[in-house]
Amino acid sequence: MNYRSIKGTKDILPSETPLWQFVEQTIREVFRQFNYKEIRTPVFETTSLFARSIGELTDIVGKEMYTFQDRSGDSITLRPEGTASAIRAYIQNNLGEALPLSKVYYIGPMFRQERPQAGRLRQFHQFGAEAIGSPTAETDVEIIAMTIEIYKRLGITNYSLQINSVGDEECRPKYKEILNAELQKIAGQLSTESQKRIDQNPMRVLDSKNENDQKLTAGMPLITDYLNEECATHFAKVKSLLTAYGIPYTVNGRLVRGLDYYTKTAFEITSTELGSQDALAGGGRYDLLVKELGGKQTPSVGFAAGMERLLMILEKKGFQPPQQRPTVFIAAADDAAREWVLTTTMKLRSQGIASECDLLARSLKSQMKEADRQQAEFSLVVGATELESGKALLKHLSDHSQQNIVLEAIAEFFKH
Ligand code: AMP
């Protein structure tokens, strides 16, 4: 029988994991420095959690979720994003009681049944963060600055930041009415996808990728001109803080993002290094979501970013992560030494020294080849003669320098 991984999923192979681990470490480091703590939630949740938070009319909920009935008949969904689960956990565990502001982050797999293509998978990985409990523009900008810091830290410079304000429950409905009336006038000429959105979600029409839609809606009113005073003041503060932090941005009055829960600030980071799937990260403020999901009114802001797309850029740049390699490869010159080699390798490992030896009963020549292939820092050849003298020749594999070491003191040697 011939099994293949499911379409749109990918094995991350041992040759690729050093890059993943390096990037994950860098991301965790930045989160730590910004004082965000990790939260790990289950990869599946009750379907209605996502339908309620992301929005019934979004692409994600409408056609992309992996939803199934489990054996007891409950409707379960593999998480398509991280915010809904983080907020569910925040409410369920009363995190708001312990701290006025909860700063959490996550890294993990997400699932969406999209059409697979370069940079678009069905199981992909996101890292993201949520600042739950703050209404201030300072918090929005901390989230944006932290996202950008991650890319900077990894040497990615070719990105751009777009921001918008999508208003709140007071000014957005009024704007939507105005936009809806304008869109009705040209409804017949819009793409079928956009036509479907005119009534329920007219702002998504402005965000359409269809070129004809874009031309038709070019002069339409933008939300940024209809913000109430609170949203306008908040947006102005976000912009002035970004400038103060030296973070360049452009305002895109058409940016709405594909999730319904955003209020006020929305942002997206794109890169010209990517193909048609050029979005690296996105996020924004969601002041109504905690209450919507059954918690207290808790203003919050967050972001989510794709791992695979970030890695695509690093691979394209030829970035070489540190490799996992043994400090020492101990080779047995003859059968008499094999047991000593095995026990010594174990002893070194238990003292924290990465060590390797041969498990395939290979010749000395093959063992030395293996030491090279594993890029061991040192090799040590031990046979009956060495065991008798208590000394062996240690070779530094990168510069071929050699020195005699006392076998009894081998662990001490590597510890220094
Ligand atoms: P979203 O949750 O849709 O705002 O997506 C946030 C980020 O996750 C995007 O900017 C992408 O980098 C990444 N992403 C979203 N969907 C996929 C996917 N199907 N495959 C790979 N990366 C994705």
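Worth knowing before you read on, the calculation uses all heavy atoms, side chains too, and leaves out hydrogens, waters and symmetry mates. All ligand and atom numbering here is 1-based and tracks the order in the structure.
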Between the side chain of [X] and the main-chain N/O of [Y], is any donor-acceptor distance below 3.5 Å?
X      : Y      : answer
Asp213 : Leu216 : no
Gln195 : Ala187 : yes
Glu114 : Arg122 : no

**OP:** Show your working on ring pair (Phe, Tyr, Trp, His ring centres under 6.0 Å) between Phe414 and Phe378 and close with a plain yes or no.
**Re:** CA-CA 10 Å; Phe414 287 112; Phe378 296 95; 5.5 Å; yes
Looking at [X], which atoms of ligand 1 are within less than 4.0 Å of one of its heavy atoms?
X      : result
Gly119 : 20 (N), 21 (C), 22 (N)
Leu121 : 18 (C), 19 (N), 20 (N), 21 (C)
Leu280 : 10 (O), 12 (O)

Please state which protein non-hydrogen atom is closest to [atom] and give its distance, to 0.1 Å?
atom                    : result
atom 19 (N) of ligand 1 : Glu114 OE2, 2.7 Å
atom 9 (C) of ligand 1  : Ala279 O, 3.8 Å
atom 13 (C) of ligand 1 : Gly306 CA, 3.5 Å
atom 3 (O) of ligand 1  : Arg112 NH1, 2.9 Å

Original post:
Out of Arg120, Gln126, Arg122, who gets a non-hydrogen atom closest to atom 8 (O) of ligand 1?
Top reply: Gln126
Using a plain distance cutoff, I'd like to know if [X] has any nitrogen or oxygen under 3.5 Å from a nitrogen or oxygen of ligand 1.
X      : answer
Gly282 : no
Ala305 : no
Glu81  : no
Phe124 : no

**OP:** Determine, step by step, whether Tyr105 and Phe34 satisfy the ring pair (Phe, Tyr, Trp, His ring centres under 6.0 Å) criterion, reporting the C-alpha distance in whole Å, the side-chain angles of both residues, the deciding distance to 0.1 Å, and the verdict.
**Re:** CA-CA 11 Å; Tyr105 80 86; Phe34 278 76; over 10 Å; no
Subject >> Pairs satisfying ring-ring contact (aromatic ring centres under 6.0 Å, His included), at least one member in residues 48-69, at least two apart >> reply: none
Original post:
According to the ring-ring contact (aromatic ring centres under 6.0 Å, His included) rule, which pairs have a member within residues 174-197, sequence neighbours left out?
Top reply: Tyr175-Tyr226
Subject >> Heavy-atom gap Arg257 to ligand 1 smaller than 4.0 Å >> reply: yes
Subject >> Minimum-distance pair of heavy atoms, taken over all atoms of Pro109 and Gln123 >> reply: CB-NE2, 3.4 Å
**OP:** Check Glu308 against ligand 1 and report side chain, backbone, both or neither, counting heavy atoms closer than 4.0 Å.
**Re:** neither
**OP:** Rounded to the nearest 0.5 Å, what's the gap from CZ on Arg112 to CG on Asp59? Could you check?
**Re:** 10.0 Å
